[in-house]
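Chain letters run A, B, ... following the sequence lines, proteins first, then strands; residues in each count from 1. Here the structure is a predicted model, which means the values were calculated and not measured. Hydrogens, waters and symmetry mates play no part in the numbers below; they use all other heavy atoms, side chains included.
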Amino acid sequence: MRRSVKVTAPLLASVALSMATGCRKPEMQRCVDENNRVADDKMCANLPAANAQLNPGGPGYIPYHPLYHYYYGGWGGYALGSVVGGGSYTPSAGRSYATRSGITTRGGFGRSMSAGHGAGE
Amino acid sequence: MRRIPIAPRDDWQQKVSSAGLVFHTPEDQEMDRPYWDESACYEFTAPEIDTLEAAGTTLQQMCLEAAEHIIDKKRYAELEIPAAAVPAIEWAWENEPPAIYGRFDIAFDGSGPPKLLEYNADTPTSLLEAAVIQWSWLEEQFPNCDQFNSIHERVIGKWQDIAQYLSKPVYFAGLDNPEDQLTLAYLCDTAQQAGLPTRSILMGDIGWNDERQAFVDLEEQQMFSIFKLYPWEMIVAEEFGPAALDTYTAMRWIEPIWKMLLSNKGLLPVLWELFPNHELLLESHFEGSAPKPRDYVRKPLHSREGANVTIVRNGATIASTDGSYQGPAVLQAQAPIAGFPDNLKPGASRYPVLGLWMVDQQCCGLGIRESSGLITDNLSSFVPHYFV
């Protein structure tokens, strides 16, 4: 009795190669204070837009400049209190961003094996 | 069982590459031949294949009994399984979340019964080579012979069986390493052929959102079904390990966490206790639990790919490998040496280890890796087979 049936080779080398090249990572979206230090995302939640006016049209309106902003891209990390730079206060079209919102952290898996080694056997 | 030198196909590199095996000839200077080595092959008789198939099926049943025993007797500490992982293991054992595959490593030379060396039940690789590459080789080189190999269709069938129990998409996660990525790409392909939507992610890119109590992908989408080519003993020990355990019942991790019990070398002495002198087993004991024999093979509980293995004969070490795996170990009797003349090095021998592939409870294929020494490590070659 045959124990096998015809197998159509299913895998293209391009599939393996595309996986090896990895995915493009989103850039960082961090809440920062007026000194460009990373703050908790809660500080940036529900803020009026920059330059909005409190009591608009009323007497003695106050231009509003929030102490906290979202900061898009650039260098540095997500660590609270760390300084950011190299990015901007506005997102760039066509790019994706990942926030600390909900405090998503990454890198908590995959560090037991030294670089370049596999985990299969 | 015979090892037969044959002429490789003229353009074999292109053929295996086009089927996905892009690392057929690693640049590692320590290897004296390609990883995919078709300058030789193994020939079996149909009764020998029957013997191997029956051995795989029997060993699977024995291993399930051993897992049940470890759980019932709570022998987790002997296997160095952390207490924090126990609730998830016991839940998974009771509820039988989806599992796909495993590979028994067997010593066999055609004479005497096959002997279990270990069970790679959690993160086996070399799947594409066994399922597809050697099948294509057979069709060209021995079209009138057969091969013990229904791995491909059984893996697809298994995905179809478990599809209803999985949230979609199914994520395929692993390290950025060619061998692992190839196995992942192949398994991802089989899942797609079974109709499942899939996505790929590196283990290091998996996010944990504490507020949502959720694992998320790079687009912050919650991940529910994850095939991970990454061992459970590492998962539970890493930063996100507690989160993986806390949320285990809401997730579908493949392979499931109870596979920790089988991929652990501590399985071997437990099997020997439950089935003493069974013809498919080699005598094994936890180190220190019995007088040290004169001849044995020492394997750390969590060692991988032949690392930190020591072979002792007449009380003296005759072979050993380096590695980073410390801690408790098992002492296993050495299998009868299965050596075959090396066609490329006159006077030398090649030592095969037979990988018996399990999909679900079915033993459905054979892949052979062989090496120049008694310890099969990550420098061994894959050699195809057929039977008559």
Stepwise salt bridge (charged side-chain N to carboxylate O under 4.0 Å, His left out) check, Glu238(B) with Arg111(A): CA-CA 8 Å; Glu238(B) 294 184 343; Arg111(A) 293 184 175 173; over 6 Å; no
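- Contacts between Arg154(B) and chain A at a heavy-atom distance below 4.5 Å are absent for every atom of the residue.
- Taking 4.5 Å as the limit, every side-chain heavy atom of Asp50(B) sits out of range of all side-chain heavy atoms of Glu48(B).
- For Glu179(B), no part lies near chain A; criterion is any non-hydrogen pair under 4.5 Å.
- The contact between Ile206(B) and chain A is made by backbone and side chain atoms together, counting heavy-atom distances below 4.5 Å.
- For chain A, no part of Ala173(B) is nearby; none of its heavy atoms comes within less than 4.5 Å.
- Relative ring orientation between Phe227(B) and Tyr101(B) is described as tilted, the plane-to-plane angle lying within the 30° to 60° band.
- Salt bridge Glu140(B)/Lys15(B): present, at least one basic N to carboxylate O contact under 4.0 Å.
- When the candidates Asp217(B), Ile133(B), Thr183(B) are compared by the number of heavy-atom contacts under 4.5 Å with chain A, Asp217(B) comes out ahead.
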Evaluation steps, side chain to side chain contact (heavy atoms under 4.5 Å, CB included), between Ser112(A) and Tyr230(B): CA-CA 10 Å; Ser112(A) 295; Tyr230(B) 199 71; 3.6 Å; yes
